[in-house]
Number of protein chains: 2
Amino acid sequence: MSPRAGLDTHTLVLAAAEIADEQGIEEVTLAALAAKLGVRSPSLYNHINGLQGLRSLLAVHGLELLYAAMSAASVGLKGDAAVHAMGQAYIGFARQHPGLYETTLRAPEEGNPELKKASEQVLSLIIEVLSGYELGAEGELHAVRGWRSLLHGFAALENKGGFGMPLDTNVSLNRLISTFIAGIRSMSLRE
Amino acid sequence: MSPRAGLDTHTLVLAAAEIADEQGIEEVTLAALAAKLGVRSPSLYNHINGLQGLRSLLAVHGLELLYAAMSAASVGLKGDAAVHAMGQAYIGFARQHPGLYETTLRAPEEGNPELKKASEQVLSLIIEVLSGYELGAEGELHAVRGWRSLLHGFAALENKGGFGMPLDTNVSLNRLISTFIAGIRSMSLRE
DNA sequence: ATATTATAACTAATAACATTAGTTTTGGAG
DNA sequence: CTCCAAAACTAATGTTATTAGTTATAATAT
């Protein structure tokens, strides 16, 4: 019963993130979001650029939270410890915010500068942590790709329930990270 | 202008897979599929169980093709060569059928026996190839999880254009596979 | 205090989609 | 040649996103 519900973009993004995490990314519709906020869906257009715009905002928000988690976890650490901490933080974020994490890689727009910036922030943190190993400029880039593949694959499969087997996934993650570290160690020695 | 267009389930799945690979998974709608087949969308219900049913069929079809590719690539090979060949085949399939690959992990139904069967087929092939390393029963399961994570993560990031850097992704893949192998080697020695 | 204005939220309307109900038509079995 | 199961159809409903145009209010200026 109140024109002027007092919404703003940030409130919308937070509410949408909640829907994504609690009900799944498919349920993030303007209709559902408007209902949650006690408003009619066209009203949302005063704050966001349609559904696509909302998805972009969600992606940026997710990447910022992911960066914060990874950064906080690895600050002050070096080498293997930093890699482990960062990997745990990455997967921890994906577990805590499954829907929001998923929006992170649903790259909708190519030219979005906010999105690009948020992605690069995460990327440079990864590069920094892996720079401790003697991989060379090119080897480092390959290692970054591998590290991202590994983390994203693990997060995605775990979230989808792809690891059906009754075996502690934390142990799997730890061993996988150790495997990766051991692998890049042996790669760097080989060259 | 012809009642009796002569459709069947398989034709629908193939046409839907084409849409998925050429236009993206979002464009796989019953409306688009019906248009492609020269039919009205309600007619599709004679052959599939709605959009959800079609998605399940796509997932099964994708897993079967994936299995065929992996199997053909690794037949007769052992050890590192088999792992490399299987990995290349997995990524090759994801590149060749980006949309179909994506449906593979959009697990819609839990209790679908066809889907379960197709998944287990792929899984047992992976287990077989990794059984050559001395990992122990539990270690082998962790390695399987790691191997799947790595492959899926790489496929997903590459498909989404997540590897923005101008560096040959085939080289990255080769090195990643080698890194993984080196990693599980050192893990098995450690215990 | 009162008038003005920018804009948040609204109603109404359209288009795309999935889905169900009920009808028509036809290819093949008898 | 007849008949029937089922393939394809039309019609209708409900959900969604989105646009156009309207109303009402909060903040500002007078």
Side-chain angles (χ1 to χ4, degrees), chain A residues 1-61 99 102-103 106-109 112 115, chain B residues 1-61 99 102-103 106-109 112 115:
Chain A
M1 232 46 75
S2 60
R4 298 304 149 99
L7 298 181
D8 63 2
T9 305
H10 195 234
T11 305
L12 262 62
V13 172
L14 293 185
E18 229 174 88
I19 296 175
D21 286 337
E22 290 171 1
Q23 302 172 236
I25 203 176
E26 305 296 329
E27 305 303 319
V28 179
T29 66
L30 294 189
L33 180 57
K36 184 183 176 88
L37 295 169
V39 122
R40 306 294 185 138
S41 30
S43 307
L44 302 177
Y45 285 76
N46 287 313
H47 308 287
I48 57 171
N49 203 352
L51 185 59
Q52 289 307 318
L54 176 64
R55 287 179 178 154
S56 294
L57 293 174
L58 277 174
V60 172
H61 181 237
E102 225 178 315
T103 68
R106 286 252 173 124
E109 311 171 85
N112 187 328
L115 194 56
Chain B
M1 231 47 76
S2 61
R4 297 304 148 100
L7 298 180
D8 63 1
T9 305
H10 194 234
T11 305
L12 263 61
V13 171
L14 292 185
E18 230 174 88
I19 297 175
D21 286 338
E22 290 171 2
Q23 302 172 235
I25 203 176
E26 305 296 328
E27 306 303 318
V28 179
T29 65
L30 295 188
L33 180 58
K36 185 184 176 87
L37 296 170
V39 122
R40 306 296 184 137
S41 30
S43 307
L44 302 177
Y45 285 76
N46 286 315
H47 308 287
I48 57 172
N49 202 352
L51 185 59
Q52 289 306 319
L54 177 63
R55 286 179 178 153
S56 295
L57 292 173
L58 277 173
V60 173
H61 181 235
E102 225 177 316
T103 67
R106 286 253 172 122
E109 311 172 84
N112 187 328
L115 194 57

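Protein chains get the first letters and strands the later ones, always in sequence-line order, with residue 1 at the start of each.
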Side-chain donor-acceptor pairs under 3.5 Å in residues 23-30 of chain B, sequence neighbours left out?
residue: B:Thr29; atom: OG1; partner: B:Ala32; partner atom: N; Å: 2.9

Would you list the protein and nucleotides 12-18 of chain C atom pairs, both N or O, that sit under 3.5 Å from each other?
residue: C:dA18; atom: OP1; partner: B:Leu30; partner atom: N; Å: 2.8
residue: C:dA18; atom: OP2; partner: B:Leu30; partner atom: N; Å: 3.0
residue: C:dA18; atom: OP2; partner: B:Ala31; partner atom: N; Å: 2.8

**Q.** Protein-nucleotide distance (A:His47, atom NE2; C:dA9, atom C1'), rounded to Å
**A.** 8 Å

Ignoring hydrogens and angles, write down the donor-acceptor pairs under 3.5 Å from the side chains of residues 41-51 of chain A, residues two or more places apart or on other chains.
residue: A:Ser43; atom: OG; partner: A:Arg40; partner atom: O; Å: 3.1
residue: A:Asn46; atom: ND2; partner: A:Ser43; partner atom: O; Å: 3.4

Q) With sequence neighbours left out, what residues match B:Glu18 under side chain to side chain donor-acceptor pair (under 3.5 Å)? A) B:Lys36

Q) Of the residues in residues 9-26 of chain B, which ones touch DNA chain C at a heavy-atom distance under 4.0 Å? A) none

(Q) Any non-hydrogen side-chain atom of B:His61 less than 4.5 Å from a side-chain atom of B:Leu14? (A) yes

Q | Nearest-Å distance for atom pair CG/P, residues A:Leu37 and C:dC10 | A | 11 Å

(Q) In this structure, how many angstroms lie between the P atom of D:dA17 and the CZ atom of A:Arg40, rounded? (A) 15 Å

Q: Could I get the full list of side chain to side chain donor-acceptor pair (under 3.5 Å) partners for B:Thr11, not counting sequence neighbours?
A: B:Asp8

Q: Using only heavy-atom distances, decide whether a donor-acceptor pair under 3.5 angstrom links the side-chain of B:Asn46 to the base of D:dA6.
A: no

Q: Let me know the distance between CG of B:Leu7 and C1' of D:dA6, rounded to the nearest Å.
A: 13 Å

